[in-house]
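Reminder, nothing fancy here: chain letters follow the sequence lines and each chain counts from 1.
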Number of protein chains: 2
Amino acid sequence: MTAESTSGTPRQPAVRRAPARRVSMADVARLAGVSAQTVSRVSNGHPSVVGSTREQVLDAMRRLGYRPNSAARALKYGEFRTIGVILFTLSTVGNSRTLEAIVDHAAHEGYAITLIPVAVPTQDGVLGAFTRLGELAVDAVIVIMEVHLLDAATMTLPLGIPAVIVDSTGGDRYTVVDTDQADGTRQAVRHLLDLGHRTVWHVAGPEDSYAAERRAETWRATLTEAGLPVPRMWRGDWSADSGYRAGLELADEPGCTAVFAANDQMALGLLRAFHEKGKVVPRDVSVVGFDDIPDSTSFIPPLTTVHQDFTEVGRRCVERVLRQVHHRRTKAGTTLVPTRLVVRDSTAPPPA
Amino acid sequence: MTAESTSGTPRQPAVRRAPARRVSMADVARLAGVSAQTVSRVSNGHPSVVGSTREQVLDAMRRLGYRPNSAARALKYGEFRTIGVILFTLSTVGNSRTLEAIVDHAAHEGYAITLIPVAVPTQDGVLGAFTRLGELAVDAVIVIMEVHLLDAATMTLPLGIPAVIVDSTGGDRYTVVDTDQADGTRQAVRHLLDLGHRTVWHVAGPEDSYAAERRAETWRATLTEAGLPVPRMWRGDWSADSGYRAGLELADEPGCTAVFAANDQMALGLLRAFHEKGKVVPRDVSVVGFDDIPDSTSFIPPLTTVHQDFTEVGRRCVERVLRQVHHRRTKAGTTLVPTRLVVRDSTAPPPA
DNA sequence: CCACCACATGTTTGCGCGAACAAGCACCCA
DNA sequence: TGGGTGCTTGTTCGCGCAAACATGTGGTGG
């Protein structure tokens with residue numbers, strides 16, 4: 001995502017045109033022949049307005065096309081009923097699915113979502129987003145991070161507003177909601193080992209992704225715990241194409257009978273590479289992915305993968321951040337959303 | 001993550017209460033020993049504040065953690081610098097990519113994006129969204145529709161705010177930005193015919209999608225214009241799985257040598273079905289998709305498909321809606337974003 | 001019959017901000 | 001020396017709304 005200058009310098013005076021005079025309560029009041037306060041009462045469904053008056057007001061509202069000004073309302077109440085979501089990109093499946101769940105659940109709670117893109121996943125970028133957020137009309141923030149920027153101390157609640165972080169560490173200082181990366185990875189690797197594979201290769205996601213690092217770490221640990229050798233690790237960028245490139249090399253790797261890809265898209269690339277190299281999945285090589293994107297049932301062959309419950313992640317984010325909003329208290333801690341392995345047709349025992 | 005945690009920055013307390021009442025300009029002014037107006041000037045980078053005063057004010061701002069109240073600012077200016085986006089789902093690639101482009105471009109123009117989900121794609125659902133939008137803090141609306149609800153007259157500018165519709169008809173009454181569905185489809189079908197296929201089968205998207213209908217229509221028209229028979233049409237729901245089910249049947253269809261799927265995911269399902277049925281793509285059957293999602297390069301085989309420029313669609317939406325905001329005038333009309341056929345390995349001349 | 005109550009409606013006020021205007025001041029030139 | 005001139009800073013006011021309080025009105029019971 002592109003960001004303009006995200007530095008904290010004072011805003012330059014923007015060119016503002018005369019505000020479009022919208023219909024206000026006073027206009028409605030005048031037409032209905034009542035006071036503005038009565039219009040307010042009707043607008044908010046206050047009971048002590050007699051039927052005939054109410055009708056007059058409603059009629060005037062309709063005729064003038066009145067709609068309440070939420071800025072004034074927010075000013076009065078001191079809250080916007082809006083949650084800001086900071087993210088780097090929507091192009092990964094996980095992010096967009098999580099966002100969708102956040103939006104739905106927030107709507108259910110009567111909150112709107114405002115999106116704040118951060119172009120450059122650097123510390124400045126994050127700061128910039130927070131700075132702009134400060135000026136945006138939000139009561140709380142959910143950060144969908146894919147990079148290790150949380151520990152930048154400058155990011156510590158620079159606004160003093162409730163925040164929840166997705167997909168990162170920092171559970172001791174922030175409220176974190178995340179998929180249980182370690183457990184999912186462990187299930188995937190164990191599944192392959194249980195099938196009889198001697199070890200498991202890994203195509204990791206980009207280094208700057210916490211999720212990718214966590215999966216790689218756990219892959220390594222699981223092998224080590226089982227007393228097995230840890231083969232060389234390939235590095236992708238989440239894209240199917242990067243998985244394909246890794247696959248072309250892995251196909252020539254002697255003894256490679258099982259590969260764990262850090263996401264389904266890279267697994268797709270692996271499948272293609274193995275296919276082109278004449279290796280049959282799962283007869284010659286087994287492949288496991290991570291995410292369980294809907295398409296993975298239609299890969300050739302249908303993919304064994306770790307199911308992530310993005311909906312649940314989004315739901316809990318909203319739940320936890322709203323709890324902070326209402327209780328005015330920040331509680332650090334991590335909520336882990338469980339995963340489960342979905343076994344399809346891309347895994348089998350190793351060739352004899 | 002461990003690397004950052006060793007950075008020399010001081011750790012912040014884990015729990016910090018949000019101040020009961022937020023810091024206002026008056027508080028800053030008091031601490032800095034100036035008037036509130038001077039604080040306002042500093043906040044907005046007004047030039048006529050002398051250096052020493054500015055420093056005092058900035059210092060007070062920092063110490064109190066001041067951030068401007070956007071509700072008050074919006075109330076004053078009569079605008080929110082926010083665009084609302086109404087959508088039904090983020091789970092289709094097109095929607096999330098379009099949204100991402102909208103967010104980016106809006107940010108570039110200094111506008112934030114507020115998301116308004118519509119749960120049920122019925123007329124009531126749309127109305128509900130618009131009603132709530134009326135109370136939301138937005139200056140304009142972009143509607144990402146996938147269903148034919150525009151013609152519901154009740155939606156006619158219920159708020160009188162600028163609106164742009166993506167992906168629909170109604171160009172005579174609304175401002176519409178859309179991918180050139182017809183041209184893309186024509187290119188896909190012509191490509192298959194030019195390769196020598198006698199006709200082209202079609203797996204359409206759901207009936208309630210305008211894009212799906214438009215593609216189906218154009219497919220039919222292109223065949224008819226060429227004097228060719230129009231085979232039975234299969235109906236999917238955009239999912240790979242629905243493409244797979246259609247593919248299982250199409251594989252048994254005599255004389256079916258070319259299939260145009262209304263999106264890439266259904267094409268993926270087709271590829272799997274043909275594979276399972278022992279039909280080799282493209283030797284026995286050619287397949288063309290629509291969208292050009294990044295994964296389509298890694299299908300087996302890499303998919304020939306119609307490239308949609310979602311980024312451009314999003315960009316133009318923002319551009320057109322902001323033009324309305326600034327010129328205070330609604331201009332109906334349709335902007336079509338061109339498509340182009342990307343030929344990969346899933347198409348070939350029909351078997352002899 | 002009047003004091004009082006319940007309820008509908010009106011008036012005042014201030015949320016935080018910034019435009020418009022006013023005030024204070026230093027400096028300049030006739 | 002006196003009246004600009006230009007610059008910084010302060011004061012007033014109202015954006016639209018709704019809480020709090022004030023007022024008005026009709027009805028009821030002692």
Does a side-chain heavy-atom distance below 4.5 Å link [X] with [Y]?
{"X": "T335(B)", "Y": "E312(B)", "value": "no"}
{"X": "L99(A)", "Y": "V103(A)", "value": "yes"}
{"X": "Y210(B)", "Y": "D178(B)", "value": "yes"}
{"X": "V318(A)", "Y": "I142(A)", "value": "yes"}
{"X": "V166(A)", "Y": "N95(A)", "value": "no"}

Rounded distance in Å - [atom1] ([X]) to [atom2] ([N]):
{"X": "R67(B)", "N": "dC17(C)", "atom1": "CZ", "atom2": "P", "result": "11 Å"}
{"X": "L75(B)", "N": "dG16(C)", "atom1": "CG", "atom2": "C1'", "result": "9 Å"}
{"X": "M25(B)", "N": "dT9(D)", "atom1": "CE", "atom2": "P", "result": "15 Å"}
{"X": "Q56(B)", "N": "dT8(D)", "atom1": "CD", "atom2": "P", "result": "15 Å"}
{"X": "R81(B)", "N": "dG18(C)", "atom1": "CZ", "atom2": "P", "result": "14 Å"}
{"X": "N69(B)", "N": "dC15(D)", "atom1": "CG", "atom2": "P", "result": "18 Å"}
{"X": "Y66(A)", "N": "dG16(D)", "atom1": "OH", "atom2": "P", "result": "10 Å"}
{"X": "R73(A)", "N": "dA19(D)", "atom1": "CZ", "atom2": "P", "result": "10 Å"}

Exercise for the section: Indicate, with a heavy-atom threshold strictly under 4.0 Å, whether S24(B) touches base, sugar-phosphate, or nothing. Expected result: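 Result for S24(B) = sugar-phosphate.
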
Kindly give the atom pairs (protein nitrogen or oxygen, nucleotide nitrogen or oxygen) under 3.5 Å for nucleotides 7-10 of chain C.
| from | atom 1 | to | atom 2 | distance (Å) |
| --- | --- | --- | --- | --- |
| dT9(C) | OP1 | T53(A) | OG1 | 2.5 |
| dT9(C) | OP2 | V50(A) | N | 2.9 |
| dG10(C) | OP2 | S35(A) | N | 2.9 |
| dG10(C) | OP2 | S35(A) | OG | 3.0 |
| dG10(C) | OP2 | T38(A) | OG1 | 2.7 |
| dG10(C) | N7 | R41(A) | NH2 | 2.9 |

Practice task
Could you tell me whether a side-chain N or O of H105(B) sits under 3.5 Å from a main-chain N or O of A101(B), the two making a donor and an acceptor?
Solution key: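 Flag not set: sc H105(B) to bb A101(B) has no pair under 3.5 Å.
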
Can you check nucleotides 22-28 of chain D for protein contacts, nitrogen or oxygen pairs under 3.5 Å, and list what you find?
none

Practice task
Please report the closest heavy-atom contact between V325(B) and D139(B), naming both atoms and the distance.
Solution key: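 For V325(B) and D139(B), the tightest heavy-atom pair comes out as CG2-O, 4.0 Å.
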
Exercise for the section: Go through the side-chain N and O atoms of S40(A) and S43(A) and say whether any donor and acceptor fall under 3.5 Å apart. Expected result: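 No pair is found: no donor N or O on one side chain lies under 3.5 Å from an acceptor on the other.
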
Considering only distance and modelled atom types, tabulate donor-acceptor pairs under 3.5 Å from the side chains of residues 51-65 of chain A, sequence neighbours left out.
| from | atom 1 | to | atom 2 | distance (Å) |
| --- | --- | --- | --- | --- |
| R54(A) | NH2 | H46(A) | O | 3.2 |

